[in-house]
Amino acid sequence: MLSSSSNSICSGRVAAVSSVTTLFFNSNKQSLRKTFAFNPTPLQNKSFRPVIRWNYKNSRMENSASRFVTRASAQPLKNPDELIDSVETFIFDCDGVIWKGDKLIDGVPETLDMLRSKGKRLVFVTNNSTKSRKQYGKKFETLGLNVNEEEIFASSFAAAAYLKSIDFPKDKKVYVVGEDGILKELELAGIQYIGGPEDGGKKIELKPGFLMEHDENVGAVVVGFDRYFNYYKIQYATLCIRENPGCLFIATNRDAVTHLTDAQEWAGGGSMVGAIRGSTQQEPHVVGKPSTFMMDYLANKFGIQKSQICMVGDRLDTDILFGQNGGCKTLLVLSGVTSLSMLQNPNNSIQPDFYTGKISDFLSLKAAAV
């Protein structure tokens, strides 16, 4: 039994801890508000759900994929019929799921036909911003897939759709660090732009007293994957973001790698975004996966209940997190970036509902069960 003095000491310690905890969170309220209040709009308020954790090692607050939620380990997909019957819509990532580079993954046409025959809605969402929806439609056609343009949602389209959703001023321009897909989607949305591939050949002649000019009417910088990335674009984007009042910094995605060919992985759009983040010291607003902007857009457009969606992808930190953030079922395929060892690594906290080798397993598993 504890003495009264011991009780007093314990009570004092509890009170001290409580007061310190209260002091910490109260003192951080303002800083947290500043961190997450990036010109909020109704769509952002609806979809943006920051999760905070205390990092004891570095003694700071930071963003994180939810680590407070303990997810069960992913289960191998053994009964595809059960998953198919439980949802109305399948959202597919493209690179690493439907194709690799310009090569179609085996069994994709038959799997998509089977799902359509069961009355399932199919939607294709890609973080690759190099093409517009119309251009992606031609790629699907070239690969022998019958996909309607209205079923395709690329991050290039998401950037234009986001700017329209916040009523981007018509007298303002967008500076584009990216390729033709972003330019075409901005043009279709009636938004002025400059930059893009034509700035790929521009160089800066550094000499004493040189001052680089920039357009003061640029109200947003959109950064996507860019094979013509150079120092001119970094500096121009940096000047717009840092010196034009209220200029937005928008990223189509922050993917570390991408599939330009089926031979290897290549540096992704996140490398371009990272360079400009480094020079501006500002965090971009991401419109592609895992941000739920596209999920909200799709749900509203088609009238889909998110619980009736299954997200199918090959990346944990984009595709699977995108589905989880949206409240969907998730299926990881091992035909792209993520291997089984990566999925089962003890340090991996992102666990899909199910995993399988590739989407054609829908057919092979069904056949084996018959």
Side-chain angles (χ1 to χ4, degrees), residues 87-105 108-116 119-165 178-189 191 222 224-225 250-253 255 258-260 268-269 286-304 306 308-315 318-319 322-323 326 328 331 333 335-336 359:
V87 297
E88 296 175 356
T89 300
F90 283 88
I91 298 180
F92 291 98
D93 175 48
C94 295
D95 299 324
V97 177
I98 305 298
W99 59 65
K100 272 192 173 182
D102 291 321
K103 184 178 179 181
L104 192 66
I105 293 174
V108 166
E110 297 83 357
T111 304
L112 300 184
D113 287 345
M114 179 272 291
L115 292 173
R116 289 190 191 280
K120 304 303 175 182
R121 179 188 285 108
L122 306 185
V123 179
F124 302 87
V125 176
T126 174
N127 265 358
N128 192 325
S129 63
T130 58
K131 294 180 175 65
S132 66
R133 291 202 292 174
K134 192 174 190 66
Q135 290 171 315
Y136 269 114
K138 291 180 179 178
K139 177 167 184 174
F140 276 101
E141 184 179 349
T142 300
L143 293 172
L145 299 176
N146 183 22
V147 174
N148 190 298
E149 186 179 319
E150 292 298 307
E151 297 174 319
I152 304 168
F153 292 86
S155 62
S156 53
F157 172 79
Y162 172 73
L163 288 168
K164 286 191 70 173
S165 76
E179 300 192 17
D180 195 45
I182 299 174
L183 305 187
K184 289 186 179 299
E185 292 294 357
L186 290 174
E187 186 175 344
L188 286 171
I191 298 172
V222 173
F225 179 78
I250 299 169
T252 60
N253 68 84
D255 293 359
T258 187
H259 291 114
L260 298 180
V286 181
V287 294
K289 298 172 291 187
S291 162
T292 58
F293 174 76
M294 280 200 286
M295 183 72 75
D296 292 335
Y297 187 95
L298 289 168
N300 291 332
K301 178 179 176 62
F302 294 118
I304 310 171
K306 295 176 185 177
Q308 288 294 307
I309 298 174
C310 179
M311 176 65 209
V312 183
D314 68 313
R315 296 173 185 263
T318 55
D319 303 324
F322 175 66
C328 308
L331 172 65
V333 291
S335 53
I359 66 170

Intermediate values then yes/no, side chain to side chain contact (heavy atoms under 4.5 Å, CB included), Ile105 and Val97: CA-CA 7 Å; Ile105 293 174; Val97 177; 5.5 Å; no

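- With respect to Lys184, the side chain to side chain contact (heavy atoms under 4.5 Å, CB included) criterion is satisfied by exactly one of Leu186, Ile182, Asp180: Asp180.
- The heavy-atom pair separating Phe225 from Gly269 by the smallest distance is CD1-N, 3.7 Å.
- Comment: Lys289 does not engage Asp255 in a salt bridge, judged by the lack of any side-chain N to carboxylate O separation of less than 4.0 angstrom.
- No side-chain heavy atom of Phe302 sits under 4.5 Å from any side-chain heavy atom of Thr89.
- When all heavy atoms of Ser129 and Ser156 are compared, the pair lying nearest together is O-CB, 3.6 Å.
- Between Glu185 and Ile191 the shortest side-chain heavy-atom distance does not fall below 4.5 Å.
- Annotation for Gly336 and Asp314: closest pair CA-OD2, 3.3 Å, computed over non-hydrogen atoms.
- Within the model, atoms OG1 of Thr292 and CG of Leu298 stand 11.0 Å from one another, a figure rounded to the nearest 0.5 Å.
- The CG atom of Leu115 lies 5.0 Å from the CZ atom of Phe92; values are rounded to the nearest 0.5 Å.
- If you run side chain to side chain contact (heavy atoms under 4.5 Å, CB included) between Thr318 and each of Asn253, Val125, Val286, Asn127, only Asn127 comes through.
- Residue pairs meeting the salt bridge (charged side-chain N to carboxylate O under 4.0 Å, His left out) criterion with at least one partner in residues 132-160, sequence neighbours excluded, are Asp102-Lys139, Arg116-Glu151, Glu150-Lys301.
- The aromatic rings of Phe157 and Phe153 sit perpendicular, their planes meeting at an angle over 60°, well past the 30° parallel limit.
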Ile98/Leu143 under side chain to side chain contact (heavy atoms under 4.5 Å, CB included): CA gap, chis, key distance, verdict: CA-CA 10 Å; Ile98 305 298; Leu143 293 172; 5.6 Å; no

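- Under the side chain to side chain contact (heavy atoms under 4.5 Å, CB included) rule, Phe90 has a single partner from Ile309, Val312, Val123, which is Val312.
- Partners of Ser132 by side chain to side chain donor-acceptor pair (under 3.5 Å), not counting sequence neighbours, listed by chain and number: Gln135.
- To the nearest 0.5 Å, the span separating NZ on Lys131 from OG1 on Thr126 amounts to 9.0 Å.
- Within the 4.5 Å cutoff, no side-chain heavy atoms of Asp113 are placed close to those of Glu110.
- The two residues Ala161 and Tyr297 come nearest to each other via the heavy atoms CB-CE1, 4.1 Å.
- Residues Ile91 and Met295 share a closest heavy-atom pair of CD1-SD, 4.0 Å.
- Ring geometry for Trp99 against Tyr136 counts as parallel: the plane angle stays under 30°, on a 0 to 90° scale with 60° as the upper cut.
- Scanning all heavy atoms of the two residues, the minimum distance from Pro109 to Leu104 falls at CG-CD2, 3.7 Å.
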